[in-house]
Q: 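Pasting in a structure now, in structure tokens, and then I'll have a few things to ask.
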Amino acid sequence: MKFGVIVFPGSNCDLDAFYMVKDVLNKPVEYLWHHEKTLRGSDCVILPGGFTYGDYLRPGAIASFSPIMTAVHAFAARGGLVLGICNGFQVLLESGLLPGALYRNIHLQFRCAWTHLSVENPHLPFTAHIPSGQVLKIPVAHGDGNYFCDPETLETLKKNNQIVFRYVTPEGNLDSRANPNGSLEAIAGICNARGNVLGMMPHPERAGESLLGSRDGQFIFQSILKHWGESS
Amino acid sequence: MTAWKAEIQVTYKKSVLDPQGVAVEKALGALGYDHVEKVRIGKYMELLLHAESEEKARSQVEEMCQRLLTNPVIEDYEYRLQPVSLERGTGQTGS
């Protein structure tokens with residue numbers, strides 16, 4: 001299974017994502033420059049965190065019109081696996097691949113902290129091999145992670161099981177103090193209706209080794225590999 | 001082809017909490033302006049465009065607002081449009 005990590009001007013977690021796949025999972029991965037027109041045969045494409053185009057206008061707004069996004073749209077429409085992390089999640093929302101929007105954290109602070117996530121939909125390629133009931137310890141680092149959508153969209157998300165991760169306490173309980181940014185319904189990650197496009201604010205690629213304080217990000221990447229019929 | 005100046009104001013939708021507006025309202029209250037409410041922080045953009053008619057200029061501005069300049073999920077926009085004369089190639093504008 002081959003991964004591709006898209007590099008936009010201003011991406012800064014591209015190396016982390018690349019390292020996670022190459023050095024932690026020992027799987028093939030390559031960088032994809034945003035001007036490219038194909039995903040070069042990637043089986044899973046990662047839109048990494050960062051500040052594409054300096055967050056000008058709105059986070060992810062300008063990157064969503066990068067040439068490579070046409071290929072990402074086509075890939076997603078064919079059922080290809082797309083993972084948007086942090087700014088990558090913002091790009092997916094701005095490009096219309098996922099519904100809703102992320103805007104300024106409710107307390108106006110940039111929040112760099114460990115968060116704990118409940119797995120609300122354990123039936124996705126990204127989550128199917130996370131042990132049942134496991135609370136994931138994964139860090140966030142963002143200023144615009146406050147998820148918002150209108151009531152009709154929220155209803156649709158719930159009906160289709162598109163809410164994938166919620167911010168919870170280490171014990172797995174919903175608590176406003178565990179929500180780092182004021183997100184609607186403590187939403188930390190959502191997927192599209194088909195379940196092949198996932199966007200999440202927390203950084204699983206930064207939680208791949210015990211040395212970093214948590215290996216829980218591996219659960220997500222291992223799920224992807226096992227979905228593909230591989231193990232690392 | 002006439003040149004038009006568009007002045008666009010973008011604010012969060014009424015249904016979206018504006019955390020900057022809330023913070024500024026509190027700060028105004030702390031300064032003694034406690035009769036102030038509903039503070040909203042937004043963005044101002046201006047651009048020049050060339051179009052044959054006001055109708056075409058309006059339709060272009062609205063299309064640009066919906067596709068890129070605003071996020072319709074969380075933001076509303078208003079704009080003013082006025083014809084401008086481009087004199088002596090200086091880029092100076094007047095109405």
Side-chain angles (χ1 to χ4, degrees), chain A residues 52-66 69-70 73 87 89-111 142-157 162 176 179-185 187 190 199, chain B residues 4-31 33-34 36-50 57-81:
Chain A
T52 50
Y53 294 92
D55 276 354
Y56 295 165
L57 196 61
R58 297 177 305 278
I62 299 176
S64 69
F65 292 100
S66 279
M69 290 307 295
T70 306
H73 275 272
N87 188 229
F89 183 13
Q90 293 162 340
V91 175
L92 292 177
L93 291 162
E94 283 284 344
S95 67
L97 280 164
L98 291 174
L102 289 157
Y103 77 115
R104 188 63 60 88
N105 289 353
I106 194 160
H107 41 61
L108 300 172
Q109 297 164 358
F110 189 95
R111 201 43 73 80
H142 61 248
D144 297 81
N146 186 353
Y147 183 81
F148 176 85
C149 65
D150 61 43
E152 296 76 35
T153 306
L154 183 63
E155 226 19 68
T156 308
L157 289 177
Q162 287 176 253
S176 61
N179 182 340
N181 51 36
S183 275
L184 185 68
E185 303 234 346
I187 287 174
I190 59 167
Chain B
W4 304 83
K5 182 179 182 184
E7 298 175 300
I8 304 160
Q9 283 184 51
V10 183
T11 51
Y12 285 128
K13 282 179 189 288
K14 294 280 180 287
S15 57
V16 176
L17 177 73
D18 174 5
Q20 287 189 87
V22 172
V24 170
E25 191 172 313
K26 280 184 189 158
L28 287 171
L31 289 173
Y33 301 102
D34 47 12
V36 172
E37 58 180 343
K38 295 183 179 172
V39 177
R40 311 287 284 175
I41 309 290
K43 288 184 236 182
Y44 169 81
M45 306 172 200
E46 60 176 45
L47 55 86
L48 277 185
L49 76 158
H50 301 270
R58 284 193 180 280
S59 103
Q60 280 187 39
V61 170
E62 283 178 25
E63 189 180 305
M64 289 187 284
C65 282
Q66 283 159 26
R67 290 187 67 194
L68 177 62
L69 300 181
T70 77
N71 182 340
V73 176
I74 48 173
E75 293 171 330
D76 281 332
Y77 62 90
E78 287 176 9
Y79 65 93
R80 288 195 308 160
L81 194 67

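Note that these values count all heavy atoms, side chains included, but never hydrogens, waters or copies made by symmetry. Predicted model, so just to flag it, every value in this text is computed and none were measured. Convention: sequence-line order gives letters A, B, ...; per-chain numbering from 1.
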Q: Measure the spacing between CD1 of B:I74 and CG of A:D150 and express it to the nearest 0.5 Å.
A: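 One finds 12.0 Å between CD1 of B:I74 and CG of A:D150.
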Q: Is there side-chain contact between B:L17 and A:Y103, with heavy atoms separated by less than 4.5 Å?
A: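 Yes, at least one pair of side-chain atoms sits under 4.5 Å.
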Q: Heavy atoms only, distances under 4.5 angstrom: which of B:V73, B:V22, B:N71, B:T70 has the most pairs with chain A? Name it, please.
A: B:N71
Q: Between A:L93, A:L57, A:T153, A:N105, which has the largest tally of heavy atom pairs under 4.5 Å with chain B?
A: A:L57
Q: What part of B:K13 gets within 4.5 angstrom of chain A, counting heavy atoms only: side chain, backbone, both, or neither?
A: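 Interface part for B:K13: neither.
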Q: What heavy-atom pair brings B:Q20 and A:L108 nearest, and what distance separates the two atoms?
A: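 That would be CG-CD2, 3.6 Å.
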Q: Is it the case that over 12 heavy atoms from other parts of the model lie below 6.0 angstrom from the CD atom of B:Q66?
A: yes
Q: Provide the closest heavy-atom pair for A:A61 versus B:L68 in the form atom of the first, atom of the second, distance.
A: O-CD1, 3.9 Å
Q: Is it true that, when you exclude A:Y56 itself, more than 12 heavy atoms of the residues, nucleotides or ligands shown sit nearer than 6.0 Å to its OH?
A: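 No.
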Q: Does B:E78 have more than 12 heavy atoms from other residues, nucleotides or ligands lying within 6.0 Å of its CD?
A: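 It does not: B:E78 CD has 12 such atoms or fewer within range.
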Q: Hey, is NZ on B:K26 packed in by over 12 heavy atoms from elsewhere, all under 6.0 Å?
A: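 It does not: B:K26 NZ has 12 such atoms or fewer within range.
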